[in-house]
Amino acid sequence: MTSVSRRRLLTGTAAVVGATALTSQAGGSAAQASGTGAAAATETGAAARALTVSPQDVRYSGLTSGQNQLFHSRPDCVRLPHSTAQVVTAVQEAVSAGKRLSVRGGGHCYENFVDHPDVKVIIDMSGMRRIDYDPAHQAFVVEGGATLGETYYALFRQWGVTLPGGACYSVGVGGHVQGGGYGNLSRLHGLVVDYLYAVEVVVVDPDGRARAVVATRDAGDPNRDLWWAHTGGGGGSFGVVTRYWFRSPTATGTDPSRLLPAPPSDVLVTWLQWPWAQLTETRFARLMRNYGTWNERNSSPTSPYKGLTARLEPGPKAGGSVLLSIQMDTAVPNARQLLLDFVAAVNDGVGVTPVEYQELHQLPWFQATGWPGFWMSNPTDRYKYKSSYHRKGLTDDQIGGLYRVLTDSDYNHPAFVVSIAAHGGQVNAVAPTATAQAHRDSVLKLLWGTAWGNPSDDAKHFAYIRRAFSTVYASTGGVPVPNAVTDGCYINYADGDLADPAWNRSGVAWHDLYWKQNYPTLQRAKSRWDRRDVFRHAQSIRLPGTV
């Protein structure tokens, strides 16, 4: 591993569009958490107003940027609410004053959707971190300001359950869930949104009135379209999510330990490396082709391999090696042999013996789940990411293009990497229109990215990642259009270039790369719940009839 950036990309799970979270006062009772916002709405006076940080406050500079140091903002103020009522008040005051607002969850937004020059009020949800069981809904309630790590710890330690979310513990639940939520257990258990039962959202009515609404997946719920919009529609388009409730759609009874999936008790983990010094173009192509073919054959919901997660990570030749990380559920019959067979299939005919970067270990899942995703980011990081879904492995032309850009001697920055995650499994057991997350028949999920610290290097790194991406997808206009091989992009790995005709020459609109056939339904939800377009950014859901 050569850099913090590469460790980040190894997780493949960072969430993006700063979307939301909150509810009752942190540390409140489960009964408080089970309400719909009515109790919080009784707060009056100072209690109903969130803490306000102005430019003169010592905290201001620390609250006006997320992790990506490409983007900083200069809002009039930052609001830090501790209740649903405080969110309602903060939104109402911004709307009444005609000030554009944005919402920060974990701060992992890849673009300037939160820290935009036009934003005058940032609602920072970091005080909203409560996680509890709500007996009224027979579901787990999570305030969207909580992080993934906090959520995993609470669910596992108290009830022995989990959600199949990302491995980067510092990612905020708020944005991660709204984009779909993907991680190491997704082949085994699906996406996080497949367990989303309800959301509480502060919306703005056409008359400009802010209010809290609860929407559930229940078929008879008149607000069900708002719930559906939060199952992959991305953050920052409909309102401020103050609470999430999670429960498996097949769960019955009232025992909390049976209402969400249990994680594996133990997992096998290992990392392997193929040194670039031994990889010719032919050998590299064979390795890439093997990995793609294996995933085509072993990514169905009934595959014995759905308990395996893997990421093949080719980086520039300067990085030294191509890395493969693997995690396997030991409860799967013959798990160790299946893992060894997988490695043999990926390396078949390559002609290079991979080096063990980390020897095969059996670890408790609770210990392994945050490794290597539990890291501290470099506070100077500037980064650019892209994404692609594949229904098939990379074609020969795509592999050839990838080899050319990775061996380009003009770019020797080892922090660039393409993290190619094994996808599918239980993710593909759900219909593409059942949730807003439409990518339900892919076998690979790619995260492209690079990180650097010096602002003077911005142009160099932007130019390279754009050239790498457009070279691999040259035959389809520089982007992975939905077709027999590729299947668009992931909103949680937001990429502003998709809306730029200089980099998207495919004729397929950016929103169709993200949401495909589900976009018109998302637009109808937008028209109903945010007709004033209060919640917007460069790639938010557009109102019907707008571009």
Side-chain angles (χ1 to χ4, degrees), residues 1 3-22 26 59 62-72 78 80 102-111 113-115 122-131 142-157 162-186 192 235-236 241 244 311 325 365-385 415 417 419 421 447 449 451 453 490 492-494:
M1 304 293 279
S3 69
V4 168
S5 175
R6 186 151 190 182
R7 289 197 299 275
R8 174 188 297 111
L9 285 163
L10 188 63
T11 70
T13 54
V16 300
V17 290
T20 64
L22 128 177
R59 294 165 289 187
L63 297 174
T64 50
S65 67
Q67 287 208 346
N68 192 347
Q69 296 305 298
L70 281 171
F71 311 119
H72 295 266
V78 178
L80 292 102
S102 66
V103 185
R104 193 186 313 283
H108 284 249
C109 190
Y110 288 172
E111 295 287 354
F113 298 167
V114 176
D115 294 303
I122 294 177
I123 300 178
D124 184 317
M125 310 306 295
S126 58
M128 305 286 91
R129 309 175 90 91
R130 186 169 173 275
I131 301 146
V142 179
E143 297 181 345
T147 65
L148 291 178
E150 291 165 343
T151 304
Y152 300 150
Y153 281 147
L155 293 178
F156 182 80
R157 284 175 168 156
T162 194
L163 289 167
C168 183
Y169 276 17
S170 59
V171 166
V173 167
H176 185 70
V177 174
Q178 292 185 59
Y182 161 80
N184 286 346
L185 294 181
S186 288
V192 173
V241 176
Y244 293 106
R311 291 184 178 86
S325 61
W365 171 84
F366 190 51
Q367 178 182 348
T369 188
W371 176 71
F374 187 39
W375 52 272
M376 297 300 292
S377 66
N378 185 329
T380 70
D381 266 359
R382 308 163 75 81
Y383 47 81
K384 175 65 180 175
Y385 291 104
V417 72
S419 183
L447 173 63
Y490 182 38
N492 270 5
Y493 303 157

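How far OG1 of Thr151 is from CD of Glu143: 10.5 Å, rounded to the nearest 0.5 Å. We find the OG1-CD1 distance between Thr64 and Ile122 to be 6.5 Å, quoted to the nearest 0.5 Å.
Considering every non-hydrogen atom in both Arg311 and Tyr182, the closest pair reads NH2-CE2, 3.9 Å. When all heavy atoms of Ala451 and Ala415 are compared, the pair lying nearest together is O-CB, 3.7 Å. Counting all heavy atoms, side chain and backbone alike, Gly181 lies closest to Ser186 at O-OG, 4.4 Å. Smallest separation of non-hydrogen atoms from Met125 and Val103: CG-CG1, 3.7 Å. What you find for Gly236 and Gln178 is that their closest heavy atoms are N-OE1, 4.4 Å. The two atoms that bring Asn68 and Cys109 nearest to each other are CB-O, 4.0 Å, heavy atoms only.
The shortest side-chain heavy-atom distance between Gln67 and Arg382 does not fall under the 4.5 Å cut-off. Between Tyr152 and Thr162, the closest side-chain pair of non-hydrogen atoms falls below 4.5 Å. Considering only heavy atoms from C-beta on, Asp115 comes within 4.5 Å of Arg104 through its side chain. Residues Asn184 and Thr369 are not in side-chain contact: their nearest non-hydrogen atoms beyond the backbone lie 4.5 Å or more apart. Between Leu148 and Cys168 the shortest side-chain heavy-atom distance does not fall below 4.5 Å. A 4.5 Å side-chain heavy-atom check between Val177 and Val241 finds every atom pair outside the cut-off.
Not one N or O on the side chain of Tyr385 forms a donor-acceptor pair closer than 3.5 Å with the backbone of Glu111. Side chain of His176 to main chain of Gly166: a donor-acceptor pair is present (N/O by atom type, distance under 3.5 Å, no hydrogens or angles).
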- Message: I'd like to know whether Leu163 forms a side chain to side chain contact (heavy atoms under 4.5 Å, CB included) with Leu155, so could you lay out the CA-CA distance, the side-chain angles of the two residues, the decisive distance to 0.1 Å, and finally the verdict.
- Response: CA-CA 8 Å; Leu163 289 167; Leu155 293 178; 4.1 Å; yes
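With sequence neighbours left out, the side chain to side chain contact (heavy atoms under 4.5 Å, CB included) criterion links Glu150 to Arg129, Ile131, Ala146, Thr147. Remark: Asp124 pairs with no residue by the salt bridge (Lys or Arg N to Asp or Glu O under 4.0 Å) rule, at least two apart or across chains.
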